[in-house]
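The structure appears below as C-alpha cells.
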Protein chains: 2
Amino acid sequence: MPARVRAVPTLDTVAAEAGVSRQTVSNALNSPHLLRAETLERVQAAIDSLGYTPNRAARNLRTKASQLIGLRLDPFVEGSASGLMDRFMHALAEACRDCGLHVLLFTAEDHTDPLDGYEALLGSRAVDAFVVTDTYRGNPAARWLSDRRVPFVAFGRPWDDSRADHPWVDVDGRAGVALAVDHVVDRGHQRVAWIGWHKDSYIGEDRRSGWVQRMHERGLATSKLSARGDDTIDFGRRAAIALLEGAAPTAFLCASDTLAMGVLQALRDKGIRTGGNPAHEVAVVGFDDSLPAQVTDLTSVRQPLEEVAVELVRLLDERMTHPMDEQRGVLLTPSLRLRSSS
Amino acid sequence: MPARVRAVPTLDTVAAEAGVSRQTVSNALNSPHLLRAETLERVQAAIDSLGYTPNRAARNLRTKASQLIGLRLDPFVEGSASGLMDRFMHALAEACRDCGLHVLLFTAEDHTDPLDGYEALLGSRAVDAFVVTDTYRGNPAARWLSDRRVPFVAFGRPWDDSRADHPWVDVDGRAGVALAVDHVVDRGHQRVAWIGWHKDSYIGEDRRSGWVQRMHERGLATSKLSARGDDTIDFGRRAAIALLEGAAPTAFLCASDTLAMGVLQALRDKGIRTGGNPAHEVAVVGFDDSLPAQVTDLTSVRQPLEEVAVELVRLLDERMTHPMDEQRGVLLTPSLRLRSSS
DNA sequence: CATCATTTCTGGAACGATCCAGAGGAGACC
DNA sequence: GGTCTCCTCTGGATCGTTCCAGAAATGATG
C-alpha cells in the first residue's frame, strides 16, 4: 500500500474549500480590492488552512514573467579582487526581496565573450532582466542588450558610449577622492600625492580628477605628486618610494586599497610612521574599503553598495512596469572610512 | 500603426516550419535518439533558422522542476567575513552550469530565523533544492529540510546531529592543520603554538585536533602552547604576546587568518621577524587564504572551494535523479598556500 | 416596480511545454 | 499473404495559473 501523500494544494483546491470559484481565489491574491470583505476573509482562511502557495511556474507561464534578475559572475581573479562582489551580491539580493524579485546567478562558458550566457537565459525567458556589472573597461553587453531592448540596468557609467541611453547607477569616485583630499588637508597636510592607474582607465582618471580639482580648490599644487601604473601592491610600493625621494609628500591618496597596501609596506620598510599628524606621520588613504583595508586599519573610500543595489532594483522595477519612461543615470556619493592610517 | 514584432517561436512554430508534429520537435530536443536521422536534421535546421529556445516556465510547469538551486545569503558581517563566500558562489555557479542548473539567491526577512525564506520558495516550487552553508554553529535548517524531505546538500558536517542522514560536503580542517604542522616542523620548528577559537566551536576543535595529533605524531609537546578565544585580530595579538612571554614558541598556527593577522601585528610590534627559519624568525600560518592573507603574504590553509562546489552539485544531481539512494558525506582535503610568513 | 449602473463572482480559453496512448509504416518471420 | 514486432511519429490531455468576457447579485434612481 503506497504511502498516502497529501497532494499539493492548487487554486482549485482552495476554491472548493472556500466555496468560490478558482478565479476568485486568484483575485484574492492579486487584486483583493475586487472581493467583498466577507468573501476575502473566507478565501484567506481557506488559503491559510491548506497552506496554499501559488505555483511559480504556472504563474510565470501565464504572465510571461519570471521575477528573476540575471547576474553574470565573471571569473574570480585571485588577489586583484577587492572583495566588493560579496557585499554587492548581499545588497542586491536584499534589495530584490523587497520587490518580490530574486537574483539568478549565471556564468559564461567562454569568459572572453562578454555576451555569452545572456542570450540563452533571455531566449528561454528564464529571467526578466539583467544587472550588468563588469563595466570596468567599456561594456559590450550594455550595447548588445540595449539593441535588443532587453531590460537591464548597469552598475557603472557608460564611459565610452555617449549614445548609450540605458539606466545606470554608479558611484562618484571623483567626489570620494575629493573627500579624502579634504580630510588630509584639514589635518594639515599640504603635499598630497596621488597613486593611481594607467591613463586609459576611465574610472582611474575620474578618481584622479577628484584629487586634481580639489587640490587646486584648496590652493595646493599637484605637480610632481602623481604616479600612474598597474593596480598591484608592488607598483604602490615602488611609486611611494619614488615619490618620497622626490616631492616628499606627507599624504598618499590611492586609486585602490591594493595600491595603498603597497604604500603602507614602503613606509614600514623605511621606518616611517603612518597617521594623521603631518609633523611626523604620513597619511595613507585607499579606495574600496576592502577586507585588507579593514584589517590593516587603512582609511579608505567606501562605496555605498547597499544604496547602489537599492537604486539598481528601483530602476529595474520602473523599467519593467513603465517601459516607456526615459531614464537617466544615478550617481551616488561614497563616504570616507576613517582609520588610523590617516 | 503598431510596430511589427516578430513573435517568439514556440514548439508549434518550429513544427510547422519542419513539417512535423509538435511532439517530434520536443523529442528532437529531449530524446533525439527517438528520431530518424533525417528528421532530426530537418528539425534542427528549423530550430536554428527560427532561433527557437524552449520556454522555461512552460517546461517547469509540466515537469514540476525548475532547475534552480536556492542559496540563502545571510547578513554580511563586516570584518569577520573571510571573504570565502565570493569565491564559493563563483565556484557554485560554475559547477551548476555544467548540469544545466542555476543558483537562485535569497535572503531572510528575519535573519535570526534560520528557516525563514526556505518555505516560501519551496511552496511555490521556485527551486528544486537548496545548498545550505551556514553550518558554523549547528544547523537547524538541515534538520527542518530533512524532515520535509526537501532535497538539499550541506556545505559543512552535521556536527551536532548524529541522526542526520543528509548528504554533505566538508573540508577536513584537521588534515589542513596537520599539513601546517608538518610544514613548520619540517623547517626545524619545535615549539609550535596553536591559537584558536572557543571550545564550543566544533570546527575550531576539529582544526585544533589536527595540531594536537600531528604534534604528538612528530614527538613534540603541546602543553602551554595553546590559546583559545574570540575570532578577532585583537585576541590573536594578545594571545601571541602571552605565549611569547611563556613557552616562547617559534611558530604559530591559527584557526583563522583573522587571528593570524593579530599574531603578525604582535610580532611586528615586538620587532620580531617572520619567516621559516627557526633560528631567528617566527613562522605564522593562517586558515582560509583570505584576501588579507594574500595581501600580507601570510601562509595559509586554503579550502578547495571549487572542488566543494563540484561535489555539492554532484550530490544534488544524484539526489534529484535517484532520490532513493543512500548518500554519505564527502570530506575534502585542503592545501597549504606557502608564503613568506613561514 | 422597472431600469440601469456598479459591484462581485464565474467559467472557458490560453500560456507553451511534456506525458501518454496509440496510429502508421517498415521489416522479419512463418 | 498474414501476423507480429519494432521504430517513428502524432494529437489529445494536462500542468496551475491569469486573462477575458460575461453572468449574477446588489444598489441607485425615476
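Residue numbers begin at 1 in each chain, while the letters A, B, ... track the order of the sequences.
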Please output the side-chain donor-acceptor pairs of residues 43-59 of chain B that fall under 3.5 Å, not counting sequence neighbours, one pair per line with the distance.
residue	atom	partner	partner atom	Å
B/S49	OG	B/A46	O	3.3
B/N55	OD1	B/A57	N	2.8
B/N55	OD1	B/A58	N	3.0

Report task. For the pair B/T39 (side chain) and B/L35 (backbone), establish whether a donor and an acceptor sit closer than 3.5 Å, ignoring hydrogens and angles. Result -> no
Requested in this report: Measure the spacing between CH2 of B/W159 and CG of B/D170 and express it to the nearest 0.5 Å.
Outcome: 6.0 Å
Query raised in the report: When rounded to the nearest 0.5 angstrom, what is the spacing between NE2 in B/H166 and CZ in B/R143?
Result: 9.0 Å
Query - Reported CZ-to-CG distance for the pair A/R157 and A/D172, which is rounded to 0.5 angstrom - result: 6.0 Å
Shorter than 3.5 Å, N or O on both sides, protein versus nucleotides 23-26 of chain C: list them out with atom names.
none

Requested in this report: Check for a donor-acceptor pair, side chain of A/S66 on one end and backbone N or O of A/A126 on the other, with a separation under 3.5 Å.
Outcome: yes
**Report entry** Residues in contact with DNA chain D, drawn from residues 14-23 of chain B - heavy-atom cutoff 4.0 Å
**Finding:** B/V20, B/S21, B/R22, B/Q23
Query raised in the report: Rounded to whole angstroms, how far apart are CG on B/D12 and P on C/dA14?
Result: 13 Å
Requested in this report: Walk along DNA chain D from 5' to 3' and tell me the first and last nucleotide with an atom closer than 4.0 Å to a non-hydrogen atom of chain B.
Outcome: D/dT8 to D/dG16
Report task. May I ask you to decide if A/V313's main-chain N or O and A/D317's side chain share a donor-acceptor pair within less than 3.5 Å? Result -> no
Query - Any residue of residues 26-49 of chain A with a heavy atom less than 4.0 Å from an atom of DNA chain D - result: A/S26, A/N30
Report summary line: Tightest non-hydrogen contact, residues B/A154 and B/L312, listed as O-CD2, 3.6 Å
Report task. Work out how much the helix from C/dC1-D/dG30 to C/dC30-D/dG1 bends between its end axes, five pairs an end, to the nearest 10 degrees. Result -> 50°
Query raised in the report: Whole Å only: how far is the CG atom of A/L61 from the P atom of C/dA13?
Result: 17 Å
**Report entry** Reported CZ-to-CD distance for the pair A/R42 and A/E17, which is rounded to 0.5 angstrom
**Finding:** 11.0 Å
Query - Atom pair distance, as rounded to whole Å: CZ in A/R62 and P in C/dA17 - result: 15 Å
Query raised in the report: Looking only at atom types and distance, does a side-chain atom of B/D116 sit under 3.5 Å from a main-chain N or O of B/E109, one as donor and one as acceptor?
Result: yes
Query raised in the report: How long is the span from the CZ atom in B/R314 to the CZ atom in B/R319, to the nearest 0.5 Å?
Result: 14.0 Å
Query raised in the report: How far does CG of A/L104 sit from CZ of A/R72, to the nearest 0.5 angstrom?
Result: 14.0 Å
Requested in this report: Could you tell me whether B/Y118 and B/F106 have their ring centroids closer than 6.0 angstrom?
Outcome: yes
Query raised in the report: Could one point to a donor on the side chain of B/R56 or the base of C/dA17 with an acceptor on the other under 3.5 Å away?
Result: no
Requested in this report: With B/F155 as reference, evaluate B/F88, B/F130, B/W168 under the ring-ring contact (aromatic ring centres under 6.0 Å, His included) test and give the passing residue.
Outcome: B/F88
Report task. Would you check if there is a donor-acceptor pair between the side chains of B/D12 and B/T10 at a distance under 3.5 Å? Result -> no
Query raised in the report: Reckon B/T24 touches a base, only the sugar-phosphate, or nothing at all at heavy-atom distances under 4.0 Å?
Result: base
